[in-house]
Amino acid sequence: MVYLILTPQGLRDILDASEAATSPVWCSADALSETEFEKLERGNITRFSYSLVDADMATMEGALATIEEHHPGERVWIESAVFGM
């Protein structure tokens, strides 16, 4: 399983989850600043240089294609939230 994280809260949540300790985690630029990314001591996190929050379909498809290149055939879990709740 590959995790695609969009928000800072989502990243905090997944970093606390034991199943994500060794799983690949990809995150939007909004989830983690470049400075924070450089300070991380986890080798399983990759940061996109652009935002995926409110991204259009083409941007999201591009991000998923990039993940597919690096993790062929893997299932991707995408952070989502129900708004207004």
Side-chain angles (χ1 to χ4, degrees):
M1 175 86 63
V2 178
Y3 296 92
L4 177 55
I5 305 302
L6 306 180
T7 67
Q9 182 62 52
L11 185 61
R12 284 189 297 274
D13 291 348
I14 202 65
L15 293 180
D16 288 340
S18 61
E19 64 269 10
T22 58
S23 297
V25 175
W26 289 65
C27 66
S28 170
D30 297 316
L32 186 67
S33 73
E34 192 169 342
T35 302
E36 292 168 324
F37 177 69
E38 290 172 1
K39 292 179 183 177
L40 276 180
E41 295 182 8
R42 292 179 66 156
N44 64 322
I45 299 176
T46 303
R47 179 184 178 270
F48 284 101
S49 61
Y50 52 90
S51 175
L52 294 171
V53 173
D54 297 324
D56 60 24
M57 186 63 76
T59 301
M60 191 60 75
E61 287 174 349
L64 292 171
T66 298
I67 292 171
E68 174 67 20
E69 288 175 21
H70 293 270
H71 308 282
E74 290 288 326
R75 182 176 294 196
V76 178
W77 180 94
I78 302 172
E79 177 190 2
S80 180
V82 177
F83 296 97
M85 297 194 86

In one Ile/Leu/Val/Met/Phe/Trp/Tyr side-chain cluster, 4.5 Å: V25, L32: yes

Residues T66, W26; criterion side chain to side chain contact (heavy atoms under 4.5 Å, CB included); working and verdict: CA-CA 10 Å; T66 298; W26 289 65; 3.8 Å; yes

Heavy-atom donor-acceptor pair, N44 side chain to S23 backbone, under 3.5 Å: yes

CD on E68 to CD on E61, rounded to 0.5 Å: 13.0 Å

Heavy-atom closest contact (L11 atom, A31 atom, distance): CD2-O, 3.7 Å

Hphob cluster co-occupancy, I45 + V53, side-chain heavy atoms under 4.5 angstrom: no

Any pair counted as ring pair (Phe, Tyr, Trp, His ring centres under 6.0 Å), so long as it reaches residues 4-23, sequence neighbours left out: none

Residue pair L52 / M60: nearest heavy atoms and the distance that separates them: O-CE, 3.8 Å

Over all atoms of both residues, closest heavy-atom pair of W77 and I5: CZ3-CD1, 3.6 Å

Side chain proximity check, L15 to R42, heavy atoms < 4.5 angstrom: yes

Pairwise distance CD1(I14) to CG(L4) - rounded to 0.5 angstrom: 11.0 Å

Exercise: identify the closest heavy-atom pair between S28 and S51: OG-CA, 3.5 Å

Matching residue for P24 among H70, E74, H71, M1 - test: side-chain contact (heavy atoms from CB on, under 4.5 Å): H71

hydrophobic_cluster_shared for Y3 and L40, side chain cutoff 4.5 Å: yes

Non-hydrogen atoms of I67 and F48 that approach each other most closely: CG1-CZ, 4.2 Å

Side chains of I78 and L64 in contact at under 4.5 Å (non-hydrogen atoms): yes

